Amino acid sequence: MKIIVNLICQNSEPQLPAYLESLKGRIDGIVAVDGGSTDHTVEVLETWGRENNVSVRVKSSPWPDDFARQRNVALNVTRVEYGAASPENDIWILVIDDDDTLSEFDRPTLEEMLAKNPEVCGLLCRMDNGNGFFNCCNDVHTC
C-alpha cells in the first residue's frame, strides 16, 4: 500500500513545518501542485522529502483561480508517477490542505479497515485547521 498526499500550494512556506511534521512517518509520497510560489515553498517540500525518504514531485501550474482544476492536475501527476489505483496497485490518495495537519490517522488502522472490508475506497480523517478538529467526511465510503 502506498499513501500519496495531493497538495495544492502557493507561498505556503510558513505553514509547511507543522503540515509536514503531521505527515512524517505516515506517507510514501507527496504530489504538490504549486501555483507560482515566490517564497521557498518548493525547496522546503523537496528538502523535507530528501530528509525523510519520501518521494516529492512538484508540478508548477499557474493559479487558475480554480481549486478543482489544480486538484485534477495533482491527480493526473499522481497517476503518471505512481500508476492508477487498482487491486494490483494499492494506492491511496490523501488530500489535505497546506494549512491543516493530520491527526488520528495511521497506516495500520487503514490496513485493518481494508482487511475487514475490501470495498472501502474512502475514509474519514480527522484534521486540525488551527481552530480545532474537523472531519473531512461523515463516514467510510465504499466503492
Side-chain angles (χ1 to χ4, degrees), residues 1-111 113-114 117-143:
M1 168 188 315
K2 287 186 180 176
I3 299 174
I4 309 301
V5 168
N6 277 191
L7 166 66
I8 297 171
C9 57
Q10 183 171 334
N11 294 328
S12 301
E13 183 180 5
Q15 298 92 268
L16 286 178
Y19 174 84
L20 293 168
E21 184 62 29
S22 81
L23 300 176
K24 193 172 187 175
R26 297 175 166 179
I27 65 167
D28 300 294
I30 296 175
V31 171
V33 177
D34 184 76
S37 291
T38 57
D39 64 4
H40 298 285
T41 294
V42 174
E43 293 89 347
V44 169
L45 287 167
E46 291 172 343
T47 299
W48 184 86
R50 280 191 305 276
E51 291 174 352
N52 291 280
N53 199 30
V54 172
S55 168
V56 174
R57 303 288 187 263
V58 179
K59 167 78 173 167
S60 294
S61 178
W63 178 244
D65 202 23
D66 184 342
F67 284 98
R69 185 174 296 166
Q70 294 294 76
R71 291 248 184 261
N72 285 335
V73 171
L75 288 169
N76 287 333
V77 172
T78 301
R79 281 188 207 104
V80 168
E81 294 291 329
Y82 298 97
S86 69
E88 298 79 29
N89 192 21
D90 196 7
I91 302 271
W92 281 77
I93 297 171
L94 174 62
V95 177
I96 177 172
D97 293 340
D98 63 2
D99 59 349
D100 297 327
T101 55
L102 188 63
S103 63
E104 298 183 18
F105 169 84
D106 59 31
R107 189 181 305 258
T109 301
L110 177 59
E111 290 172 348
M113 182 187 314
L114 293 173
N117 184 356
E119 296 300 311
V120 170
C121 61
L123 70 140
L124 169 71
C125 296
R126 194 162 184 205
M127 298 182 208
D128 183 357
N129 66 359
N131 296 314
F133 291 101
F134 68 97
N135 295 321
C136 54
C137 60
N138 293 326
D139 59 357
V140 171
H141 297 280
T142 55
C143 302

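What you see is a predicted model, and the numbers here were worked out from it, not measured in a lab.
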S.K.: Quick one: pull up OH in Tyr82 and CZ in Arg57 and give me the separation to the nearest 0.5 Å.
M.R.: 5.0 Å

S.K.: Hey, does Leu7 have a side-chain heavy atom less than 4.5 Å from the side chain of Val31?
M.R.: no

S.K.: The test is side chain to side chain contact (heavy atoms under 4.5 Å, CB included); show your working for Trp92 and Leu94 and say whether it passes.
M.R.: CA-CA 7 Å; Trp92 281 77; Leu94 174 62; over 6 Å; no

S.K.: Check whether any side-chain N or O of Asp98 sits under 3.5 Å from a backbone N or O of Ser12 as a donor-acceptor pair, and report yes or no.
M.R.: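 Absent.
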
S.K.: Do side-chain atoms of Asp28 reach the backbone of Ile3 as a donor and acceptor pair under 3.5 angstrom?
M.R.: yes

S.K.: Near Asp66 CG, under 6.0 Å, is it more than 12 heavy atoms from other residues, nucleotides or ligands?
M.R.: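 Correct, the count exceeds 12.
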
S.K.: Which pairs pass salt bridge (Lys or Arg N to Asp or Glu O under 4.0 Å) with one or both residues in residues 32-41, sequence neighbours excluded?
M.R.: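 Those involving residues 32-41 do not exist here.
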
S.K.: Nearest 0.5 Å please: distance from the CG atom of Asp99 over to the SG atom of Cys9.
M.R.: 12.0 Å

S.K.: Would Val44 and Leu20 count as a side chain to side chain contact (heavy atoms under 4.5 Å, CB included) here? Give the steps.
M.R.: CA-CA 10 Å; Val44 169; Leu20 293 168; 4.1 Å; yes

S.K.: Give the table of side-chain donor-acceptor pairs shorter than 3.5 Å for residues 70-80, with sequence neighbours excluded, one pair per line with atom names and distance.
M.R.:
residue, atom, partner, partner atom, Å
Gln70, OE1, Ser61, OG, 3.0
Gln70, NE2, Ser61, O, 3.0
Arg71, NH2, Asp97, OD1, 2.7
Asn72, ND2, Ala68, O, 3.4
Asn76, OD1, Arg79, NH1, 2.7
Asn76, ND2, Asn72, O, 3.3
Thr78, OG1, Asn6, ND2, 2.8
Thr78, OG1, Ala74, O, 2.8

S.K.: Can you tell me if Thr41 uses its side chain to pair, donor with acceptor, with the backbone of Ser37 under 3.5 Å?
M.R.: no

S.K.: Look at the side chain of Asp100 and the backbone N and O of Ile96, then say whether any donor-acceptor pair between them is shorter than 3.5 Å.
M.R.: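 No; judged by distance alone, with no hydrogens or angles, the pair does not exist.
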
S.K.: How long is the span from the CD atom in Glu81 to the OG atom in Ser55, to the nearest 0.5 Å?
M.R.: 6.5 Å

S.K.: Kindly say whether Tyr19 contributes a backbone atom to a donor-acceptor pair with the side chain of Ser22 at under 3.5 angstrom?
M.R.: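 Confirmed, Ser22 side chain pairs with Tyr19 backbone.
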
S.K.: Which is it for Lys24 and Asn52 under the side chain to side chain contact (heavy atoms under 4.5 Å, CB included) test, yes or no, and what are the steps along the way?
M.R.: CA-CA 7 Å; Lys24 193 172 187 175; Asn52 291 280; 3.0 Å; yes

S.K.: Write down the atom of Gly49, the atom of Val56, and the distance for their closest heavy-atom approach.
M.R.: CA-CG2, 3.6 Å

S.K.: Step by step, work out the side chain to side chain contact (heavy atoms under 4.5 Å, CB included) result for Ile8 and Phe67.
M.R.: CA-CA 8 Å; Ile8 297 171; Phe67 284 98; 4.2 Å; yes

S.K.: Of the non-hydrogen atoms in Pro64 and Arg69, which two are nearest, and what is the gap between them?
M.R.: CB-NH1, 3.7 Å

